[in-house]
Amino acid sequence: MTQPSPRPNAATDFIRDRIAADLASGKHSTVITRFPPEPNGYLHLGHAKSIFLNFGLAEEFGGRCHLRFDDTNPETEDPEYVESIQRDVRWLGCDWGDHLYFASDYFERLYELAEELIKAGKAYVDSSSEEEIRALRGTVTEPGRPSPYRDRSVEENLDLFRRMRAGEFPEGSHVLRAKIDLAAKNMKMRDPLLYRIRKRPHYRTGDTWCVYPFYDYTHCLSDAFEGITHSICTLEFENNRELYDWVIDNLREHLPARPEQIEFARLDLSYTVMSKRKLLQLVQEGIVAGWDDPRMPTLSGLRRRGVTPDALRTFCERIGVAKTNSTVDVQLFEHCVRDDLNHRAPRVMAVLDPLKVVITNYPEDRSEELDASYWPHDVPREGSRKVPFSRELFIERDDFREDPPKKYKRLAPGREVRLRYGYFIVCDEVIKDEAGRVVELRCTYDPATRGGAAPDGRSPKATLHWVSAAHAIDVEVRLYDRLFRAEVPGADGRDYHEDLNPDSLVVVRAKAEPSLATAGPGEHFQFERQGYFFADPVDTSPGAPVFNRTIGLRDSWAKRSQPKGSRPAAPSRPRREAPTGRSSAPRSRDDYLAGLPPAARERFLAFEARGLPWGDARTLATEPALADLFAEATRHHDDPRAVANWVVNDVARALKTRSELPFGGEALAELVELVATNRLSTKLARRVFEEMLASGERPAAIVERKGWRQLTDPAELRPLVEAVLAADPERVADYRGGKEKLLGYFLGQVMQRSGGQADPKTARELLRSALAEERGEAR
RNA sequence: UGGCGGAUCGUCUAAUGGUAGGACGGCGGACUCUGGAUCCGCUAGUCUAGGUUCGAAUCCUAGUCCGCCAGCCA
């Protein structure tokens with residue numbers, strides 16, 4: 001289990017690190033994770049991140065991942081969602097094997113444990129109203145107060161709870177609460193609710209139950225039942241972890257395992273909404289055509305749009321896993337989609353906005369078939385089709401300009417362009433209707449350029465896609481774009497509806513090459529020079545394909561020609577405030593002193609009088625434990641500054657994770673003395689300090705036992721320096737070339753080779769002069 | 001105002017006291033029968049202020065900003 005990852009090059013993250021550590025330390029011998037959706041909506045891109053994380057972890061560490069439906073709320077859950085969720089998880093390529101679970105299957109067991117809690121005096125039935133409970137809970141700054149029912153007897157609680165289950169009481173009349181602490185700083189710990197009465201049929205258990213457990217009670221126990229080792233959830237559950245642990249700890253004797261919760265940042269995407277509530281609204285308000293509308297970030301929507309599971313997986317791997325709240329740029333997602341489709345979508349031609357072209361020197365009754373590869377030269381796949389060519393064609397209206405702007409490379413009067421896989425044509429004449437709109441182009445072709453190459457070697461700057469008018473088929477094409485035009489829909493207090501992109505769907509009748517007539521549902525194509533398209537899996541019928549635009553091609557021309565037009569980058573998210581320097585100005589020593597009560601002021605001044613900088617003095621004046629240690633240590637080693645450095649920095653740190661030190665001031669003084677007398681470098685001394693923390697042993701004894709000493713003799717150090725420089729001629733050259741920062745790197749290497757024992761000051765001088773010599777020799 | 005998290009190029013993410021790196025984006029160039037792809041180059045960052053250290057994104061102190069928590073939702 002020390003080499004668990006089959007993806008040695010894959011990025012690691014804090015969760016993988018932690019699991020690897022748990023395995024290495026023997027805390028766990030296997031990894032069992034779970035993906036726990038509530039069946040009250042469709043899965044979206046954010047869930048994909050969680051799914052790939054949980055299933056990926058299981059696979060990498062040789063464990064398993066469960067699919068568990070967290071179905072404890074009969075009001076919102078529905079079998080339709082259970083179906084769609086399983087379909088989506090499977091579609092992503094994740095396999096839960098036999099490990100499909102439902103929290104609702106645990107209802108009996110959960111109920112029994114709730115009785116155990118009651119019997120242990122750790123839960124009670126509260127008969128307060130919802131409003132009363134809310135009022136008694138207090139606020140984030142004020143403690144809550146106990147309900148009058150908090151001290152009911154175990155017998156009464158048991159009786160009441162059983163009768164709740166039996167259906168004797170109406171909804172809202174009683175709840176079961178954990179008896180923890182109404183004054184807890186963490187609101188989640190103020191006697192959280194465990195069970196409520198709901199007289200609704202549950203989609204799986206029917207009328208069997210009229211009490212339903214809450215998430216905080218159900219989730220942790222479900223994890224424990226299933227032997228989950230690492231229960232991974234999103235950041236907003238950080239506050240719930242304390243309760244998670246409380247429930248587990250208080251029922252530990254009844255449980256087979258002790259899972260632990262780890263939180264990571266959920267995925268947010270720019271130009272997208274991802275909350276279930278908003279997604280449900282979009283569906284219910286008819287803003288989109290359903291959960292699987294291709295504009296939706298739901299997995300079913302993405303699937304229907306033509307995004308593949310591979311693309312999603314790559315995306316999820318690229319965004320990483322961390323604890324920072326973040327919003328990923330949708331362009332990274334779009335990049336992953338294009339990158340995936342580039343290698344799987346055959347190239348075809350379709351004209352979305354047709355402009356008629358007549359080749360005047362091409363015989364009216366003639367047509368011919370041209371060879372056209374499905375793949376560009378840089379995609380190593382085989383296959384081609386024939387495309388018909390004739391006198392009348394369609395090209396893209398946008399590929400012609402009567403008055404071409406600078407850098408416009410496409411067709412214009414008198415200009416020659418290449419028709420993809422066809423001939424070169426020159427535009428001779430522009431025909432317009434009464435309104436002045438261009439309706440037809442009359443061109444001539446060069447018969448010698450068949451297939452796209454000219455015998456004289458000339459090459460037009462542009463190559464256009466086209467279709468033969470007589471042979472083209474009409475197809476419906478749905479041009480999807482981002483659903484929102486604001487980077488953060490609903491930012492700055494707006495209603496997110498205001499940020500809806502009115503052009504998120506444009507349906508056109510397009511002219512497509514005849515080969516597309518047989519396109520089957522679910523096939524991917526690239527319409528050359530336009531984008532990636534997907535034959536709609538629902539609306540495509542034999543001979544009549546309907547295409548969804550998955551994503552447009554990158555378009556550097558569009559970018560150049562309309563840099564700030566079509567896609568108004570409306571209100572962005574609030575930028576981080578630039579530091580004004582004024583508001584963040586730290587308090588000065590004098591300000592601090594002025595605000596101090598007399599006693600503290602006296603202590604502070606006394607520390608300053610012993611030569612300590614005011615920051616150290618402040619720390620010692622506020623922390624009695626540190627002050628005591630400082631006092632005792634300075635009695636044994638009278639160097640207040642040196643002692644204070646240790647106390648204020650290293651001891652303060654140590655005290656963050658433990659309540660007391662296994663050694664006293666005398667031992668600390670001994671350590672400081674070891675440094676002062678040059679027997680230890682600070683680096684070594686820190687290691688000794690760690691040992692002291694772990695064992696309580698005296699520093700001198702540790703040094704003795706480990707055989708640590710500082711290497712100060714240049715004669716001892718020189719071979720190390722030489723070895724380091726010899727091992728890395730390239731960096732030495734860089735250093736010679738002026739990259740003097742490398743000195744720190746070399747010193748690091750020397751320190752490492754010496755096991756931390758080199759005296760860094762001496763080593764640095766040695767390094768410096770050795771590198772200077774090198775420079776001399778090189779001349 | 002309380003508790004818990006968090007802060008590294010525009011965005012996402014590495015660096016676990018020892019060269020601040022990658023990706024996306026942007027800009028420029030090469031190449032091209034897709035203004036695609038590919039390739040090359042450039043751009044740009046450690047929240048602030050002090051301190052510890054030979055050396056700090058990383059450790060200490062103080063501050064700033066952001067997120068989450070007061071559902072009988074999950």
Side-chain angles (χ1 to χ4, degrees), chain A residues 11-13 17 36 38 40 70 72-73 75-76 130 133-134 137-142 144 171-172 175 184-188 190 193 195-198 214-216 219 235-242 263 265 270 276 318-320 322-329 331-332 335 338 342 347 376-379 409-410 418 420-421 451-453 459-460 462-463 465 526 528-530 553-558 560 574 576-577 579 581 583-587 592 613 615-616 618-619 645 648-650 652-653 681-683 731 734 739 741-742 744-749 751-752 759-761 763-764:
Chain A
T12 181
D13 53 65
D17 290 348
E38 184 191 11
N40 67 347
D70 223 335
T72 58
N73 186 350
E75 302 179 38
T76 54
E130 197 174 334
I133 288 177
R134 202 192 335 274
R137 185 150 32 214
T139 68
V140 290
T141 49
E142 305 158 33
E171 289 189 9
V175 290
K185 304 277 196 192
N186 181 353
M187 298 289 293
K188 296 285 180 206
R190 319 248 259 228
L193 276 52
Y195 270 86
R196 77 279 214 179
I197 299 172
R198 274 287 167 275
F214 283 96
Y215 166 85
D216 285 307
H219 197 89
L235 248 27
E236 64 268 27
F237 290 100
E238 267 173 332
N239 295 319
N240 301 58
R241 187 174 63 234
E242 192 178 355
E263 311 88 11
S270 58
K276 270 193 189 179
R318 297 255 233 132
I319 58 176
K323 294 196 74 163
T324 315
N325 281 301
S326 58
T327 302
V328 175
D329 190 339
Q331 290 185 104
L332 174 59
H335 168 83
R338 289 190 187 103
N342 182 32
R347 272 57 169 179
H377 60 91
D378 50 358
V379 175
K409 303 200 305 204
R410 284 111 96 152
R418 172 166 36 225
R420 181 79 154 148
Y421 299 121
S459 183
T463 300
H465 62 280
Q526 184 196 99
E528 293 215 29
R529 305 208 304 132
Q530 307 269 13
L553 254 26
R554 283 189 76 212
D555 189 346
S556 54
W557 167 248
R560 175 196 294 278
R576 188 184 293 147
E577 290 281 314
S583 65
S584 61
R587 288 207 295 171
Y592 171 75
D616 285 4
R618 174 179 53 191
T619 303
N645 278 342
V648 165
N649 289 304
D650 303 73
R653 168 144 88 132
S681 64
T682 29
K683 194 175 187 101
R731 285 195 178 84
D734 286 349
K739 200 168 175 186
K741 233 192 296 192
L742 252 20
Y745 168 76
F746 290 127
L747 182 54
Q749 295 298 302
M751 295 305 291
Q752 205 169 27
D759 165 31
K761 285 175 197 157
R764 170 178 284 265

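Heavy atoms only: backbone and side chains are in, while hydrogens, waters and symmetry mates are out.
A:Asn649 contributes a side-chain N or O that forms a donor-acceptor pair with the base of B:G51 under 3.5 Å. Side-chain N/O atoms of A:Lys683 and base N/O atoms of B:G18 include a donor-acceptor pair closer than 3.5 Å. Between the side chain of A:Asp378 and the base of B:G36, at least one donor-acceptor pair of N or O atoms lies under 3.5 Å. Taking only distance into account, the side chain of A:Gln530 never meets the base of B:U34 through a donor-acceptor pair shorter than 3.5 Å. Taking only distance into account, the side chain of A:Arg410 meets the base of B:G35 through a donor-acceptor pair shorter than 3.5 Å.
Under the ring-ring contact (aromatic ring centres under 6.0 Å, His included) criterion, A:Tyr195 pairs with A:Phe161, A:Tyr217, sequence neighbours left out. When the ring-ring contact (aromatic ring centres under 6.0 Å, His included) test is applied to A:His219, the partners found at least two apart in sequence or on another chain are A:Tyr215. Scored by the salt bridge (Lys or Arg N to Asp or Glu O under 4.0 Å) test, A:Asp70 finds no partners at all (sequence neighbours excluded). Under the rule for a salt bridge (Lys or Arg N to Asp or Glu O under 4.0 Å), A:Arg338 has no partner lying at least two apart in sequence or in another chain. Checked against salt bridge (Lys or Arg N to Asp or Glu O under 4.0 Å), A:Glu171 has the following partners two or more places apart in sequence or in another chain: A:Arg198, A:Arg200. In terms of the salt bridge (Lys or Arg N to Asp or Glu O under 4.0 Å) criterion, residue partners of A:Arg420 (sequence neighbours excluded) are, by chain and number, A:Glu528. Annotation: ring-ring contact (aromatic ring centres under 6.0 Å, His included) contacts of A:Phe214 (sequence neighbours excluded): none.
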Nucleotide by nucleotide, 5' to 3', does protein get under 4.0 Å of the base (B), only the sugar-phosphate (S), or neither (-) in nucleotides 23-29 of chain B, counting heavy atoms? SSSSS--

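The nearest whole Å value for the distance from the CD atom in A:Glu236 to the P atom in B:C69 is 8 Å. If you measure from atom NE2 of A:His377 to atom C1' of B:G36, you get 9 Å, rounded to the nearest angstrom. In this structure, the CG atom of A:Asn239 is 7 Å from the C1' atom of B:G3, given to the nearest Å. Per the geometry, CD belonging to A:Glu75 stands 16 Å off P belonging to B:G71, to the nearest Å. Straight-line distance from the CD atom of A:Glu242 to the C1' atom of B:A70: 15 Å, rounded to whole Å. When the P atom of B:C73 is taken as reference, atom CZ of A:Arg196 falls 5 Å away, rounded to whole Å. Across the protein-nucleic acid pair, A:Tyr215 atom OH and B:G71 atom C1' stand 15 Å apart, rounded to whole Å. Rounded to whole angstrom, the span from the NZ atom of A:Lys741 across to the C1' atom of B:A56 amounts to 13 Å.
Of the inter-residue distances, the one linking A:Asn239 atom CG with A:Lys185 atom NZ reads 14.5 Å to the nearest 0.5 angstrom. In this structure, the separation between CG on A:Asn40 and CD on A:Glu75 is 11.5 Å, given to the nearest 0.5 Å.
Here B:A70 is the nucleotide among B:C73, B:A37, B:A70 with the atom lying nearest to any side-chain atom of A:Thr139. Comparing B:G35, B:C54, B:C73 against the side chain of A:Lys761 picks out B:C54 as the nearest. The side chain of A:Asn73 lies closest to B:C73, out of B:C73, B:G36, B:C4. For A:Thr324, counting side-chain heavy atoms from C-beta on, the closest listed nucleotide (B:C54, B:G18, B:U13) is B:U13. When each of B:U53, B:U34, B:C72 is scored by its nearest atom to the side-chain atoms of A:Arg198, the top-ranked nucleotide is B:C72. Nearest nucleotide to the A:Arg764 side chain, out of B:G55, B:C12, B:U53: B:G55. Residue A:Asp70 places its side chain closer to B:A74 than to any other of B:A74, B:U34, B:A70.
Using a 4.0 Å cut-off, some side-chain N or O of A:Ser326 falls inside it from OP1 or OP2 of B:U13. For A:Thr72 and B:A74, the shortest distance from a side-chain N or O to OP1 or OP2 is below 4.0 Å. A sub-4.0 Å separation between OP1 or OP2 of B:C69 and a side-chain N or O of A:Lys185 is absent. Residue A:Arg137 has a polar side-chain atom (N or O) positioned under 4.0 Å from OP1 or OP2 of B:C72. Contact annotation: A:Arg653 does not reach the phosphate of B:U61 (side-chain N/O to OP1 or OP2, under 4.0 Å).
Residue-level contact check: A:Tyr592 touches neither bases nor backbone, having no heavy atom under 4.0 Å from any strand. Note on A:Ser681: nothing from the nucleic acid sits closer than 4.0 angstrom, heavy atoms only.
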In dot-bracket, 5' to 3', how would RNA chain B read with Watson-Crick or G-U wobble pairs under 3.5 Å, [ ] for crossing ones and | for pairs to another strand? .((((((..((((....[..))))((((((.......))))))...(((((..]....))))))))))).....

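A donor-acceptor contact shorter than 3.5 Å links the side chain of A:Arg190 to the backbone of A:Ala184.
For B:G29, the glycosidic angle deviates from 0 by more than 90°, giving an anti base.
Between A:Val175 and A:Gly748, the one whose closest nucleotide on RNA chain B sits nearer the 5' end is A:Gly748.
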